[in-house]
Amino acid sequence: MAQKRVLFLCGDYVEDAEVIVPFQALQAYGVSVDAVCPGKKDGDTCPTSIHQVRIGPELRGHDFTLNATFDDIKAKNYDGLVIPGGRSPENLAHIATAVELVSEFAASGKPIAAICHGPLVLAAAGAIKGRKVTGFPAIAPVLVAAGAHWVEPESIASTIAVADGNIITAVTFKGHSEFIRHFVKALGGTISGSPKKILFLCGDYMEDYEATVPFQSFEALGCRVDSVCPKKKAGETCVTTFRDVEGGHSFSDKTGYDFVLNANFDDVNVSSYDALVIPGGRAPAYMALNHSVLALVNHFMQNNKPVASISQGQKILAAASALKGRKCTAHPTAKLNVVLSGGTWVEPEPIDRCVTDGNLVTGASWSSHPELISQFMAMLHVRVSF
C-alpha cells in the first residue's frame, strides 16, 4: 500500500506543541507529512507561541520550519489534514485560499483533525454543520453559530477528543494522545503489539520537545507512560526549556511549557516497567550527580530493557557507566561525556541521526524524534500499519 500523506495547515503564532507533536508523531508512525502556510514557501518558518494551560502571558516558542510551498500543494494528493491551534487559526479563517483548501478536504470526506482554535477554520469552510465538535472553550459561540453540536470540555486541561465522521477535534495539546489516536484510525491505521509500560526520567529545565513529543507519541499508541523527577511527586511540574539555533556559538535557551509529572519518583518499582526514556536539555547535567537516578538507569541497562536517550540525556548514561563499548550519538556538546566514559562516538551527521546498539537508541537532538521513536517502537514490538 502507498505511504499515507498528511498536510498540516499552519500560520504565524501557531501553538508550539500543537504543531510539533502530531507532526513528528505521524512521521514516526510512517506517515509522510507536509507543513504549509499561506504566502510562504518550503524552508520558510512560522513563529510559534506557548500558552500554559492556565491564565497567563503568551510565550514565544520555536520557529517551525515548513517543508512544502502552499501555492504548490493540492488537496487531492493528501489522505488527511491537520489544523493546529494557537492564534494562527483566527487569521487563517479569513484567508480565502486556506478556507478553500479546507473545503476541498471536507467535501472529499478525508479525515480532518483540528485542535484548540483550529476548528475556527472548519467553521469558516462550512465543514461542521450538524457535527459534534469540541475545542478551546472561548470559540464555542462561533462553532455553534456555524451549526455545530458543541461538546463542552470540563476544563481547558481536558484530554478529550471528539470524532464525528471524518472530523476530529480536541481542546488543547493536553488531548494529543486521544486526538492523534483517532486521526491514525481515521487514516486507516492499526496499532499492533501489546501496550508497554514506559518510564520517563525528567528534571527541571529538560528540553520541552524531548519530553513532550515522545511522551504523547507513545501514549497515542496505547502505552502506559509514567513521568518522574527526583524529589517530586505526581501532580507537580518540571519547568522545561526550548532550544533553537539563532546564531552565535550555541543555541538559545528559553522557558517552555510546564510538564506535569504523573508518578512519584520515590515510589517507582523499576522492575514493573518495560522501557526507559531520558530527555535532554539542562536537566541531565545535575541529574547525573544523583545516585538514585544512576541506579535506576543501570537497572534498565543491565536487564537489557529498551532505553532511549536524547541529546544531553547521554550525560546520565555516561555517569552511570552504561556506555562502555556502546555505539552512541548525542548532541556534540555531550561528546566528551560519551568518549571519556568508554562509549564509541558516532558523529551526528546529519543532526537528526539516531543510533541503535543493542537495547539502546540514542539521538542527537529533538529533530531526530521521528527516527528515534520509530526505532524505539521496533524495540518494543509496537507498530502502526496502514
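If you're wondering where the values come from, they're calculated on a predicted model, not measured in any experiment. Note that these values count all heavy atoms, side chains included, but never hydrogens, waters or copies made by symmetry.
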Worksheet item: Is the number of heavy atoms from other residues, nucleotides or ligands under 6.0 Å of Lys185 NZ greater than 12?
Response: no
Worksheet entry | Verdict with reasoning, His299 to Leu276, per side chain to side chain contact (heavy atoms under 4.5 Å, CB included) | CA-CA 10 Å; His299 165 83; Leu276 174 70; over 6 Å; no
Item to complete: Indicate yes or no for a side-chain donor-acceptor contact from Asp352 to the backbone of Ser367 under 3.5 Å, with no hydrogens or angles considered.
Response: no
Item to complete: Find the distance between NZ (Lys197) and CG (Leu380) and round it off to the nearest 0.5 Å.
Response: 14.5 Å
Worksheet item: At what distance, to the nearest 0.5 angstrom, does CG of Asp357 lie from OG1 of Thr329?
Response: 12.5 Å
Worksheet entry | Ser227-Asn262 side chain donor-acceptor pair, cut-off 3.5 Å | yes
Worksheet item: Just by distance, do the side chain of Gln302 and the backbone of Ala322 share a donor-acceptor pair under 3.5 Å?
Response: no
Worksheet item: When hydrophobic residues are tied together by side-chain contacts of less than 4.5 Å, even through go-betweens, does Ile139 share a cluster with Val171?
Response: no
Worksheet item: Among Lys74, Lys4, Arg5, which one satisfies salt bridge (charged side-chain N to carboxylate O under 4.0 Å, His left out) with Asp34?
Response: Arg5
Worksheet entry | Verdict with reasoning, Val268 to Leu199, per side chain to side chain contact (heavy atoms under 4.5 Å, CB included) | CA-CA 9 Å; Val268 167; Leu199 184 66; 4.0 Å; yes
Worksheet item: Got a sec: does the CZ of Arg282 have more than 12 other heavy atoms crowding it under 6.0 Å?
Response: yes
Practice prompt. Mind checking the CD-NZ spacing from Glu347 to Lys335? Nearest 0.5 Å is all I need.
Written response: 5.0 Å
Worksheet item: Hey, are the side chains of Leu101 and Ile73 touching, using non-hydrogen atoms and a 4.5 Å cut-off?
Response: yes
Side-chain atoms of residues 11-20: list all donor-acceptor pairs with protein atoms under 3.5 Å, sequence neighbours left out, distances to 0.1 Å.
| unit_1 | atom_1 | unit_2 | atom_2 | d |
| --- | --- | --- | --- | --- |
| Asp12 | OD1 | Lys40 | NZ | 2.6 |
| Glu15 | OE1 | His51 | ND1 | 2.6 |
| Glu15 | OE2 | His51 | N | 2.9 |
| Glu15 | OE2 | Tyr257 | OH | 2.6 |
| Asp16 | OD1 | Tyr209 | OH | 2.8 |
| Asp16 | OD2 | Thr48 | OG1 | 2.6 |
| Asp16 | OD2 | His62 | N | 2.8 |
| Asp16 | OD2 | His62 | ND1 | 3.2 |
| Asp16 | OD2 | Tyr209 | OH | 3.2 |
| Glu18 | OE1 | Gly85 | N | 3.0 |
| Glu18 | OE2 | Phe173 | N | 3.1 |

Discussion item. Is a donor from one side chain sitting under 3.5 angstrom from an acceptor on the other, for Gln375 and Thr356?
Written reply: yes
Practice prompt. Answer with yes or no whether the hydrophobic clustering places Val21 together with Leu66; edges join I, L, V, M, F, W, Y residues whose side-chain heavy atoms lie under 4.5 Å apart.
Written response: yes
Worksheet item: Does the side chain of Val184 come within less than 4.5 Å of Tyr29's, by heavy atoms?
Response: yes
Worksheet item: What are the two closest heavy atoms between Ser292 and Phe265, and how far apart are they?
Response: CB-CE2, 3.9 Å
Worksheet item: Any chain of hydrophobic side-chain contacts (each under 4.5 Å) joining Val260 to Ile50?
Response: no
Fill in: Spatial distance of atom CD1 (Ile278) from atom CD (Gln312) [nearest 0.5 Å]
12.5 Å
Fill in: Co-membership, hydrophobic cluster, residues Val102 and Leu187, 4.5 Å side-chain
no
Practice prompt. Determine the minimum heavy-atom distance between Met287 and Cys202, stating which atoms define it.
Written response: CE-O, 3.1 Å
Discussion item. Is it true that, when you exclude Lys305 itself, more than 12 heavy atoms of the residues, nucleotides or ligands shown sit nearer than 6.0 Å to its NZ?
Written reply: yes
Discussion item. Run the side chain to side chain contact (heavy atoms under 4.5 Å, CB included) test on Glu371 and Gln27 for me, step by step, so that the C-alpha distance in whole Å, both residues' side-chain angles and the decisive distance to 0.1 Å come before the verdict.
Written reply: CA-CA 8 Å; Glu371 187 177 342; Gln27 287 179 314; over 6 Å; no
Discussion item. Tell me if the aromatic rings of Tyr286 and Tyr205 count as close, with their centers under 6.0 Å from one another.
Written reply: no
Discussion item. Distance check, rounded to the nearest 0.5 Å: Asp226 atom CG versus Ile198 atom CD1?
Written reply: 10.0 Å
Worksheet item: Is Ile191 reachable from Val33 through a run of hydrophobic residues whose side-chain heavy atoms are each under 4.5 Å from the next?
Response: yes
Practice prompt. Using the side-chain hydrogen bond (donor to acceptor under 3.5 Å, both in side chains) rule, pick out the option among Asn166, Thr169, Asp164 that qualifies with Arg131.
Written response: Asn166
Practice prompt. Keeping the roles fixed (side chain from Asp42, backbone from Thr69), state whether a donor-acceptor pair exists under 3.5 Å.
Written response: no
Worksheet entry | Distance, nearest 0.5 Å, that separates OG of Ser158 from CD of Glu152 | 9.5 Å
Discussion item. Quick one, Pro195 and Arg224 - any side-chain contact, counting heavy atoms below 4.5 Å?
Written reply: no
Worksheet item: Going by atom types alone, do His381 and Lys196 pair a side-chain donor with an acceptor below 3.5 Å?
Response: no
Discussion item. Quick check: closest heavy atoms across Pro306 and Asp274, and the distance to 0.1 Å?
Written reply: CD-O, 3.2 Å
Worksheet item: Backbone N or O of Tyr78 within a donor-acceptor pair of the Lys110 side chain at under 3.5 Å?
Response: yes
